[in-house]
Amino acid sequence: MATPASPGRLRCSDLLLWALFVGCLGASLGSSAVLDDGQKGLATYGGSILALIPGGLIARKPKINAFLSTRPVLWFLFLFNAAVTTFCAVSLDGTQGIAATVGMGLVSLGAAGGLVQRHRERSRAEPSLTDARHSAWCPSLL
């Protein structure tokens, strides 16, 4: 039988996840100052890919997940990433511009999908006032 984890152990694992996440991002961002051209690219892409693992685990935590699913955060993510997508499409050329535009566009579409999903869930839970008015006039709609 598995024993529940203690609060101290959970804090330790959270700190380790955050440290790994920040370390991987730091390696990808700071590699240009330390490494040469060939190694710089490998450290940049490798650090970014490795940061996805602890970042995904952090995002699955209940408090973070609840925060990221709130309506204001989803609107911010949608609008900000749509603006960055537009900026990247206009200002960057070549493969780098295409990759940045596609990546930020996918994040923006993901936030829009979260907004649409929340809207559908809320509309199913609460019948609208117009439905009540129509059912009073047309009992066949019930």
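In what follows, residues are counted from 1 in the order of the sequence shown.
Atom CG of residue L79 and atom CG of residue L74 lie 11.0 Å apart, to the nearest 0.5 angstrom. For the atom pair CG (L20) and CG (L50), the distance works out to 7.5 Å, reported to the nearest 0.5 Å. Rounding to the nearest 0.5 Å places CD1 of I64 at 12.5 Å from CG of L57.
Residues A59 and N65 share a closest heavy-atom pair of O-CB, 3.6 Å.
Within the structure, ring pair (Phe, Tyr, Trp, His ring centres under 6.0 Å) pairs that include any residue of residues 82-101 do not occur (at least two apart or interchain). Screening residues 92-108 for side-chain hydrogen bond (donor to acceptor under 3.5 Å, both in side chains) gives no qualifying pairs among residues at least two apart or on separate chains. Sequence neighbours left out, the pairs with a member in residues 48-62 that pass salt bridge (charged side-chain N to carboxylate O under 4.0 Å, His left out) are D14-K61.
The side-chain contact (heavy atoms from CB on, under 4.5 Å) search around W18 returns F21, I58, not counting sequence neighbours. Among residues two or more places apart in sequence or in another chain, the side-chain contact (heavy atoms from CB on, under 4.5 Å) test is passed with T70 by P72, V73. Considering only residues two or more places apart in sequence or on other chains, V22 meets the side-chain contact (heavy atoms from CB on, under 4.5 Å) condition with none of them. Residues meeting the ring-ring contact (aromatic ring centres under 6.0 Å, His included) test with F76, sequence neighbours left out: F80.
Alongside L16, the hydrophobic cluster contains no other residue (criterion: ILVMFWY side chains under 4.5 Å).
The residue from T86, V84, V90, T85 that alone fulfils the side chain to side chain contact (heavy atoms under 4.5 Å, CB included) condition with C88 is V84.
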